[in-house]
Amino acid sequence: MPTLSGLVSRPGLGLRFVDPEDAVRHGGRPVAAVAEGMWAVGAGAGRLGAGGRRPIHALNDVLLVLPAGAGIDWPAVGGAAGVVLAGAAEDDVLSASLPAAREHGVPLLTAVDDAPHVCAGIHPVIRREQRRELHERTDQLKTMQRIALRPDGLSRLLRWLARQISGHAMLVDPSGSPLYAYPSSSEELFSRAEQDIRRVITKQTRSASISLGTQVAHIMSIGSQEPNPVLIVARDEPFSSRTRSLVSDAAGLLWLRWRMEELGRHSRQVELAESHSREAVLHLLMLGQVQSAKRVAGALPGQLPDPARVYIVECQANRRADYARRCAEVTGGRAWIVACPVYIGHLIILAPADSQEAGNPLDQALRSQVAGNPGCYAGAGRLVPLRDIAAGYQQAFHALAVAKGIDARCATYTSREDIASLLGARGHRWAAGSLRRLLDHRPERPQDPDAEELKETLTSWLAFFNAATRQLKIHRNTLSARLRHIERLLGCDLNDLAVQAETQLALRLLAQPARPGDDEPGEVTLDALLGTPAVFHWAESYLSPLHDSDPCLLETLRTWLSSNARLDATASLLGLTVPAVRKRLVRVEGILSRSLLNGPSARHDAVLAFRILDSGGLS
């Protein structure tokens, strides 16, 4: 709105200060309206001592126009923006009114025209200025809203405010820590005003205005809900009414944006906690600890289906949340959905029993999603009880490897007999004996891993190799140290693929339900276990698909396994490039319907199959 000095500077209005010093003392007073004040002329007017009356607050920012020479009720008009004596008047008449005006803090002005003409001239000036300021404020609000809606809206809006006031702006969180400050030198401002900021944060006062040398600073708690952040603004000049209004508008948007970010941060923390809890449930199921998994799952939304069918969806990491929401919708929240902790592009879904039926909604939804998104694949296992989720996961992983080699990009696990199921109680005896030193291990120090932790580490590493660090949430150096410790206990070299195959078979046998023991005396050897006709038939069936394909594929697989699954060594032995070897192994994955290159890998079963056939004199 216009000020007294602004109105005086307009030549068409003919206004001037009676006392030139008022231009300095009161020239910045805003004028919101102009009015003829004939009611302020009365019998008691003009008496300096006319006491008891209080200034009329409704006159704040109002410019009163009175006839020159009229007696004025000064106590009543003490709150006005100023008083204009209109019409020709002698200097001695004006001087007579000046002491009373000074006593009541009212600037006194004069104009040549009479009161109606003066009011008529000032009124449109005030209205035009108010309309201009209204448009300007509207534009500023639109600009602030546009800035606040940007991803980094909070910091950008604070920077914009600092520029608009030609000073400093800082936002402090409810704990008293600076969030953003512009320009960067504002951190000095924080240290100088820290005591007053603390008073506002602790609710000793809602706001504070302080002088910091050449600067004027305002400190205010913003927002209508606790906890409140604190806004500090400072500049070299006093804050005008326009600047204060701008700060007030910005403060409201700053609080809304801060509140939105706080809610978003809280929501992400809740989602992360739920994600970790769901991951913990899956981890417990993979270890066979079903009751513990159910207890944890009971505190989370959704159901843990039993039995369940495991799906694995491979997609871009940033699309996992979209797939998870879609799967939750089509299953009505009855599926257990987990972002894979090992492979960042995998989504693991434990679907209820009806997912085994042909044309179920989840299967259709996944096929639709995969068909519409190149680079996305899905693999499904068979229906398994919760105690066998680890097997169900491996089934889905093998199906996923097959899906990558077919046009549909979706595949279901092809069932085959598991070698561990053919070894019976004697196999369990052999497994317990071969891992005895690991199972009986007692740590020397309380902080060292016990037998269960070492067994869990070994199981995870044999399935995921070095990616086991992500599943176990341990450092790679910790994983390496544990593996070396296991090697010392078992007296073996875990880098040898044949040793890995034996060790994994032993772990699989121990994970199976207990079976009636056998009474056969003597030690059980692995060669004896693998020398039965049933096991030989399993090995033949396992590798038979490769006999009907390109002979070089069988040779490539055998060479790769004998080279401890090293692509470079295999390529050197076969006289091929590493990419060529990889392509052949991908073809083998499709023929065997099993994953080889990535874990969980069927490479250990392939090692056993070759060992069995070679021992039987067949290739």
Side-chain angles (χ1 to χ4, degrees), residues 276 279-289 292-293 340-343 389-391 393-394 397 419-420 423 427-512 514 523-527 529 561-566 569 597-608 611:
H276 286 170
E279 184 182 318
V281 170
L282 179 65
H283 187 68
L284 290 169
L285 290 174
M286 297 285 277
L287 295 175
Q289 300 178 21
S292 298
C340 180
V342 178
Y343 297 106
I389 282 297
Y393 172 77
Q394 291 186 15
F397 197 89
I419 184 174
L423 305 183
H428 195 281
R429 271 181 57 197
W430 166 81
S434 65
L435 298 178
R436 177 61 58 200
R437 294 188 61 190
L438 174 63
L439 301 176
D440 293 343
H441 170 67
R442 297 292 182 271
E444 296 179 359
R445 302 177 303 173
Q447 64 267 33
D448 291 339
D450 59 16
E452 191 61 34
E453 285 180 282
L454 292 177
K455 178 184 170 187
E456 179 183 340
T457 301
L458 181 58
T459 303
S460 180
W461 181 76
L462 289 171
F464 300 111
F465 313 112
N466 290 333
T469 56
R470 294 196 287 271
Q471 186 195 34
L472 298 173
K473 302 295 185 291
I474 59 176
H475 193 271
R476 62 178 182 274
N477 293 343
T478 304
L479 175 64
S480 179
R482 289 186 183 180
L483 292 175
R484 301 292 79 79
H485 188 30
I486 293 170
E487 286 180 327
R488 289 192 295 270
L489 289 173
L490 297 180
C492 66
D493 180 8
L494 288 175
N495 291 317
D496 188 327
L497 192 57
V499 173
Q500 293 178 22
E502 292 183 18
T503 307
Q504 194 211 41
L505 178 60
L507 290 169
R508 285 156 62 186
L509 287 166
L510 291 178
Q512 290 184 339
E523 182 183 358
V524 181
T525 65
L526 182 57
D527 287 334
L529 289 173
L561 294 175
S562 64
S563 301
N564 283 327
R566 289 180 52 197
L597 293 167
N598 299 306
S601 169
R603 65 182 67 173
H604 299 129
D605 279 352
V607 167
L608 294 174
R611 174 176 174 171

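Quick caveat: nothing in here was measured; it's all calculated off a predicted structure. Nothing fancy with the numbering, it's 1 onward along the sequence. What's counted below: heavy atoms across the whole structure, side chains too, no hydrogens, waters or symmetry copies.
- Between atom CG of residue L439 and atom CD of residue E452 there is a gap of 9.0 Å, rounded to the nearest 0.5 Å.
- A distance of 13.5 Å separates CZ of R436 from CG of L489, quoted to the nearest 0.5 Å.
- Side-chain contact between N495 and N564: absent, with no pair of heavy atoms (C-beta onward) separated by less than 4.5 Å.
- Side-chain contact check for Y343 versus N598: some heavy-atom pair is nearer than 4.5 Å.
- Between D605 and R508 there is a salt bridge, with a side-chain nitrogen of the basic residue lying less than 4.0 Å from a carboxylate oxygen of the acidic one.
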- Message: salt bridge (charged side-chain N to carboxylate O under 4.0 Å, His left out), that's the test. Do R611 and D527 meet it? Break it down for me.
- Response: CA-CA 9 Å; R611 174 176 174 171; D527 287 334; 2.7 Å; yes

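- Looking at E456 and H283, their side chains do bring a donor and an acceptor atom within 3.5 Å of each other.
- For the side chain to side chain contact (heavy atoms under 4.5 Å, CB included) criterion with W430, the lone passing option out of L435, L529, T525 is L529.
- Classified by interplanar angle (parallel below 30°, tilted 30° to 60°, perpendicular above 60°), the ring pair F465/W461 is perpendicular.
- Side chain of Q504 to backbone of A501: no donor-acceptor contact under 3.5 angstrom is found.
- Across all non-hydrogen atoms, the minimal contact from R488 to R437 is O-NH1, 4.0 Å.
- Here the NE2 atom belonging to H604 is positioned 11.0 Å from the CG atom belonging to L505, to the nearest 0.5 angstrom.
- Under the 3.5 Å distance criterion, the side-chain polar atoms of T459 are matched with a main-chain donor or acceptor of K455.
- For the 3.5 Å distance criterion, the side chains of R482 and T457 qualify, holding a donor opposite an acceptor.
- Between L458 and L494, some side-chain heavy-atom pair lies under the 4.5 Å cut-off.
- Side-chain contact between P449 and H441 is absent, with no heavy atoms from C-beta onward closer than 4.5 Å.
- In the displayed structure, R566 atom CZ is contacted under 6.0 Å by at most 12 heavy atoms of other residues, nucleotides or ligands.
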